[in-house]
**Q** 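Can you read through this structure? Questions will come right after.
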There are 2 protein chains.
Amino acid sequence: MFSTSCHYALQAMIYIALRSGKDKNVDLASIAEELDIPKHFLSKILQLLVKNKLLLSMKGPTGGFKLSMPASRINLIKVVEVIDGLDVFNRCGIGFKQCDDSSPCPIHFEFSQVRQQVEEIFETKTLEQLTTDIEDGNSLVSLGLSTKIKK
Amino acid sequence: MFSTSCHYALQAMIYIALRSGKDKNVDLASIAEELDIPKHFLSKILQLLVKNKLLLSMKGPTGGFKLSMPASRINLIKVVEVIDGLDVFNRCGIGFKQCDDSSPCPIHFEFSQVRQQVEEIFETKTLEQLTTDIEDGNSLVSLGLSTKIKK
DNA sequence: TAATGGCATGAAGTAGAAAACATGTCTTTT
DNA sequence: AAAAGACATGTTTTCTACTTCATGCCATTA
């Protein structure tokens with residue numbers, strides 16, 4: 001559904017939301033290593049996110065990346081918008097270029113309803129919700145990202 | 001969501017369902033031209049569909065392609081299965097490889113519910129339903145594929 | 001102020017999907 | 001049986017997303 005660049009961006013944003021703070025940056029190497037993403041490639045993606053004001057970057061020792069605003073104000077769709085653009089949510093399921101509401105393909109209405117649900121999910125979910133979920137040990141337990149110790 | 005090969009396959013199957021009959025084949029050149037698909041590329045895709053028993057092909061003059069079974073028995077998912085494989089319906093929305101029911105990503109359950117709906121659509125819709133829809137002038141009118149003349 | 005650790009940027013390389021090409025083989029028709 | 005029309009097959013080329021490499025630039029810290 002999304003490009004790998006977009007997947008990397010989403011994963012990195014989640015990671016940064018988990019690990020950075022007001023006065024704490026996360027450095028590229030750590031993100032790349034823990035998420036198993038090619039470092040230099042990730043670098044370009046993060047630069048895009050910086051340019052589009054979702055991230056802040058600092059150079060020098062103690063430098064790195066952090067969110068540009070509270071995690072509660074960043075929803076997933078903002079990330080997708082920067083990397084893949086919003087019309088991923090608007091493509092015909094069968095690949096007809098001319099397919100839209102006024103000239104629908106045979107599955108257009110069923111399919112666009114589902115697409116709308118995906119958009120809704122990405123619109124609704126904020127980084128804050130995701131990190132809470134992870135910190136509580138409800139998600140991504142296998143990655144060991146939770147900061148809480150589960151008994 | 002699907003590869004272009006898969007889109008081409010779906011479009012071609014619909015076209016063949018519309019234009020072929022028990023004793024009537026449709027030739028590659030016509031399909032490629034009307035659907036605006038590179039001919040030689042389409043050729044390989046159709047060969048895959050032949051190998052996987054969704055199409056029959058005949059050589060020689062009057063040769064071409066036709067469905068291997070009634071349009072009512074071919075649903076869209078069979079086409080997707082041959083070209084892209086079924087695990088397109090099973091991928092994590094954020095791209096985490098280890099994401100599944102037992103080790104979910106933070107949007108796993110919402111997302112897989114939606115994926116299931118897509119699968120449902122492709123499972124339910126048969127080529128017969130689609131062609132009926134098109135012949136009645138309810139879909140793809142712009143392609144001019146309908147055989148009926150609308151007043 | 002020099003050394004170090006980090007991001008920024010542009011160019012170059014790779015792999016796989018997509019497309020084009022050339023040739024072979026089969027089947028109908030005359 | 002020969003010609004022509006169609007699919008079949010294998011090779012090559014192109015394109016693009018993805019990845020890597022090399023270098024420049026900036027900020028902290030000793």
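Every chain is numbered from 1 and lettered A, B, ... according to where its sequence line falls, protein lines coming before strand lines.
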**Q** Any side chain to side chain donor-acceptor pair (under 3.5 Å) pairs touching residues 79-96 of chain B, not counting sequence neighbours?
**A**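 Sorted pair list: B:Ser3-B:Asp84.
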
**Q** For A:Gly63 and for A:Ser43, find the nucleotide of DNA chain C with the closest heavy atom, then tell me which residue's nucleotide is more 5'.
**A**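 Looking at the nearest nucleotide for each, A:Gly63 comes out on the 5' side.
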
**Q** A:Met69, A:Leu76: one ILVMFWY side-chain cluster at the under-4.5 Å cut-off?
**A**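 Yes; A:Leu76 is reachable from A:Met69 via cluster members.
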
**Q** Any chance you could measure A:Thr132, atom OG1, to A:Leu18, atom CG, to the nearest 0.5 Å?
**A**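 The CG atom of A:Leu18 is 9.0 Å from OG1 of A:Thr132, to the nearest 0.5 Å.
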
**Q** Do you reckon B:Leu48 sits in the same ILVMFWY cluster as B:Ile31, going by side-chain contacts under 4.5 Å, direct or chained?
**A**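 Yes, B:Leu48 and B:Ile31 fall within the same hydrophobic cluster.
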
**Q** Does anything in residues 115-132 of chain B form a salt bridge (charged side-chain N to carboxylate O under 4.0 Å, His left out)? List the pairs, not counting sequence neighbours.
**A**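 Salt bridge (charged side-chain N to carboxylate O under 4.0 Å, His left out) check on residues 115-132 of chain B returns A:Glu110-B:Lys125.
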
**Q** Can you list the residues that meet the side-chain contact (heavy atoms from CB on, under 4.5 Å) rule with B:Gln116, with sequence neighbours excluded?
**A**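 Once residues adjacent in sequence are excluded, B:Gln116 has no partner under the side-chain contact (heavy atoms from CB on, under 4.5 Å) criterion.
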
**Q** For DNA chain C, find the residues of residues 85-95 of chain A with a heavy-atom distance under 4.0 Å and give them by number; none if there aren't any.
**A**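 Listed by number, there are none.
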
**Q** So where does chain B start and stop touching DNA chain D, 5' to 3', when the test is distance under 4.0 Å to a non-hydrogen atom?
**A**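 Using the under 4.0 Å cut-off, the span is D:dG5 to D:dT11.
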
**Q** The helix from C:dT1-D:dA30 to C:dT30-D:dA1: angle between its terminal axes, five pairs each, to 10°?
**A**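 It comes to 0° between the two terminal axes.
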
**Q** If I take atom CD in residue A:Gln47 and atom C1' in nucleotide C:dG6, what distance separates them, rounded to the nearest angstrom?
**A**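 After rounding, the reported distance stands at 12 Å.
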
**Q** Treat primed atoms plus P, OP1 and OP2 as sugar-phosphate and everything else as base, then score nucleotides 23-30 of chain C 5' to 3': B for base contact with protein heavy atoms under 4.0 Å, S for sugar-phosphate contact only, - for none.
**A** --BBBB--

**Q** Going by distance alone, is a donor N or O of one side chain under 3.5 Å from an acceptor N or O of the other, for A:Gln113 and B:Gln117?
**A**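 Their side chains do not contain a donor-acceptor pair, so the 3.5 Å distance test is not met.
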
**Q** To the nearest 0.5 Å, what is the distance between OG (A:Ser20) and CE (A:Met13)?
**A**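 Answer rounded to 0.5 Å: 9.0 Å.
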
**Q** For residues 53-68 of chain A, which side-chain N or O atoms pair as donor and acceptor with protein atoms under 3.5 Å away, sequence neighbours left out?
**A**
| residue | atom | partner | partner atom | Å |
| --- | --- | --- | --- | --- |
| A:Lys66 | NZ | A:Lys22 | O | 2.8 |
| A:Ser68 | OG | A:Lys53 | O | 2.6 |
| A:Ser68 | OG | A:Leu54 | O | 3.2 |

**Q** Linking I/L/V/M/F/W/Y whenever their side-chain heavy atoms sit closer than 4.5 Å, directly or via other members, would B:Leu86 and B:Val79 fall into one cluster?
**A**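 Cluster IDs for B:Leu86 and B:Val79 match.
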
**Q** If you round to the nearest 0.5 Å, how far is CG of B:Leu49 from CG of B:Leu42?
**A**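 Interatomic distance, B:Leu42 CG to B:Leu49 CG, rounded to 0.5 Å: 9.0 Å.
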
**Q** Is there a donor-acceptor contact under 3.5 Å from the side chain of A:Glu33 to the main chain of A:Ser30?
**A**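 No, because the side chain of A:Glu33 does not come within donor-acceptor range (under 3.5 Å) of the backbone of A:Ser30.
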
**Q** Considering only heavy atoms from C-beta outward, does the side chain of B:Phe2 approach that of B:Ile83 to under 4.5 Å?
**A**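 No. Closest side-chain heavy atoms not under 4.5 Å.
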
**Q** Contacts to DNA chain C from residues 24-32 of chain A, heavy-atom cutoff under 4.0 Å, which residues?
**A**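 Contacts with DNA chain C under 4.0 Å: A:Asp27, A:Leu28.
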
**Q** Nearest 0.5 angstrom please: B:Leu35 CG to B:His7 NE2, how far?
**A**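 Output value for this atom pair is 13.5 Å.
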
**Q** Side chains of B:Ser139 and B:Leu130: closer than 4.5 Å at any heavy-atom pair?
**A**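 Result no, sub-4.5 Å side-chain heavy-atom pair not found.
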
**Q** How would nucleotides 10-20 of chain C be written as a contact map, 5' to 3', with B for base contact, S for sugar-phosphate-only contact and - for no contact, using protein heavy atoms under 4.0 Å?
**A** BB------SSB

**Q** Once salt bridge (charged side-chain N to carboxylate O under 4.0 Å, His left out) is applied, what residue pairs with a partner in residues 36-49 of chain A remain, sequence neighbours excluded?
**A**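 Qualifying pairs, neighbours excluded: none.
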
**Q** My understanding is that only residues two or more places apart in sequence, or in another chain, count here; which of them pass ring-ring contact (aromatic ring centres under 6.0 Å, His included) with B:Phe41?
**A**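 Applying ring-ring contact (aromatic ring centres under 6.0 Å, His included) to B:Phe41 gives B:Tyr8.
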
